[in-house]
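Note that ligands are numbered from 1 as they come in the structure, with each ligand's atoms numbered from 1 the same way. For the numbers below, each heavy atom of this structure counts, side chains included, while hydrogens, waters and symmetry mates do not.
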Amino acid sequence: MNIGIIGDGQLGWMTIFENRKLNYKFFVLGNNPEAPASRISDRFFRYEDYKQFFETVDTVVVEFEHIPDFIFELLERYPNFNALKLKRSRIEEKTFLKSKGYPVVNFCYSYGYQLKEKIKDFALPVIIKAEKLGYDGKGQYFIEDLSQIQNILDNHSLEEGFIIEEFINFKHEVSVIGVRDFDGNKRLYPISFNYHEDGILLYNYAPFVDNKSVSQIVYSLLDDLEIVGVLAVEFFIKQDDTPIINEFAPRPHNTGHYTMDGSYTSQFENLIRAVSRLPLGSTESKLPTGMVNILGKSLEDFNVNEILKIEGTQFYWYGKEKKSRRKMGHVNIVDTDVSNLRRKIQSVLECVYSKNFSKV
Ligand code: ADP
Ligand code: MG
C-alpha cells in the first residue's frame, strides 16, 4: 500500500519508521527535501508537484494542520477532512465543540481593530490567539493590562482574526489520545500529565490520575468528528477537577511520543493500521512512561551519553536546523514505578537544559 503523508516534520518521520515493518511505501508532500520525514520517505514531493503525489498514493494522512489551501481542497475524499477543516480556525474549532455541548473556555471572535472593545467583555487576564496558523504557543498573547493590546496590533494586521479566551487558572493540563477505525471501533491511550512552558510542551508522563469525564469526552468526540486514525485532545483540569477542552488534533501528537516505548502499539502504528483497515492494536502501556522535549538545542549543547546512562531512556533526534524554542528531538523514559519515572524525567531535563528543575 502507498501511504501519503502531508507534512515533512518529525511526526511524519516517526509515522514512517514505526510502520516500516508493515511493508508499506511512504510518500511525503512538503516544503523541504532535507526535513525529517522527507529524508526517510520512499519519495519526496514538493507542494507544487501535488498532482503526482495524489496519483501515487492510496490514502493520505496528515502530520500537521496548516495545509496550503490548494492542497486542502483535495483532501475531501480522505479520512478526517471535517476535523481538519475545523482546525483551520480556532474559532470554528471552539464553536463546533460548544455547539455539541462540550466544555470549552468562554471565548469570542475579534478582528484586530475590534480587540480594544471586545476585550471589555472579559475579566483580565485573557489569552488572545491568532485565529489561524498558530502552534507551540506562537501567535498567542497573555494580556493582563489593556495597554498590552498595542503590542498585538504592532505585530499583526488590523484585519486579522483573533480569538479572545478567558484565562483558566488550571490545576493541571492533561491529554488523551484516542484511535478509531472505519467501523467505529475505539480505543484510548491512558491519560497523560502535560507540563508546558511558554505555551510549548516541555515534558509529560502517563498514566496520570484517571478522570472518567475526560475519557467519555474523548470517546464521544472520536465519533462526532468521525475520526479514522488518531485524535489527541488537550484538556485543562480546573481546581474542582472538572475538565475543559483546550483543543484537539486529528493527527499524532507530541504528548503521545511516549507510546513508541511505553505502549503495546504506538500512536503512529495505530494511525496507519486504522487508515489501512488493519485491526487496531492495544493502547495499553507496558510500563509507566514519560517524555522530555529537547527545545532549541543542538547536539553540542548537551551530552547524549549522560542521558542514555539513565536506565530506561531512548533518544530521538530529528536532525533539523537549530532555532530558538524549536522541537529538535525528544527523550522517552520508561520505568516500572511512576515515582522513579518522575525522578528520571527530572534528571533528563537537567541533562538537556543544564539547570535545576523544581520537583517534577
Ligand atoms: P497551541 O496550538 O500552540 O498548542 P494552545 O491553545 O494549546 O495552542 O495553547 C498552548 C498552551 O498555552 C496551553 O497548553 C496552555 O498551557 C496555555 N493556554 C492556552 N490557552 C489558555 C487559556 N485559555 N488559559 C490558560 N492557559 C492557556
Ligand atoms: Mg496545544
> Y316 and H257: ring pair (Phe, Tyr, Trp, His ring centres under 6.0 Å), yes or no, with the steps?
Replying inline: CA-CA 10 Å; Y316 295 83; H257 290 359; 8.0 Å; no
> What pairs with D183 under salt bridge (charged side-chain N to carboxylate O under 4.0 Å, His left out), at least two apart in sequence or on another chain?
Replying inline: none
>> If you count heavy atoms of other groups shown closer than 6.0 angstrom to CD of E226, is the number above 12?
In response: no
>> Counting only heavy atoms and a distance below 4.0 Å, can you name the residues contacting ligand 1?
In response: R90, I127, K129, Y135, D136, G137, Q140, E165, E166, F167, I168, F170, E173, H196, G199, E234, F236, N246, E247
For residues 103-113, please give each side-chain donor-acceptor pair under 3.5 Å, one per line with the distance, not counting sequence neighbours.
unit_1: N106; atom_1: ND2; unit_2: E166; atom_2: OE1; d: 3.3
unit_1: Y109; atom_1: OH; unit_2: E131; atom_2: OE1; d: 3.3
unit_1: S110; atom_1: OG; unit_2: L115; atom_2: N; d: 3.3

> Does K344 come within less than 4.0 Å of E311, counting only side-chain N to carboxylate O?
Replying inline: no
Could you pull out all donor-acceptor pairs under 3.5 Å where a side-chain atom in residues 63-75 meets a protein atom, sequence neighbours excluded?
unit_1: E63; atom_1: OE1; unit_2: G9; atom_2: N; d: 3.2
unit_1: E63; atom_1: OE1; unit_2: L11; atom_2: N; d: 3.2
unit_1: E63; atom_1: OE1; unit_2: G12; atom_2: N; d: 2.7
unit_1: E63; atom_1: OE2; unit_2: D8; atom_2: N; d: 3.4
unit_1: E63; atom_1: OE2; unit_2: G9; atom_2: N; d: 3.1
unit_1: E65; atom_1: OE2; unit_2: R251; atom_2: NE; d: 3.0
unit_1: H66; atom_1: NE2; unit_2: G134; atom_2: O; d: 3.0
unit_1: D69; atom_1: OD1; unit_2: R88; atom_2: NH2; d: 2.4

> Does F357 have K355 sitting over its ring (NZ/CZ under 6.0 Å from centre, angle to axis within 45°)?
Replying inline: yes
> Within the stated cut-off of 2.8 Å, is an N/O/S atom of E234 closer than that to the Mg ion (ligand 2)?
Replying inline: yes
>> Suppose we only allow N, O or S atoms; which atom of E247 ends up nearest to the Mg ion (ligand 2)?
In response: OE2
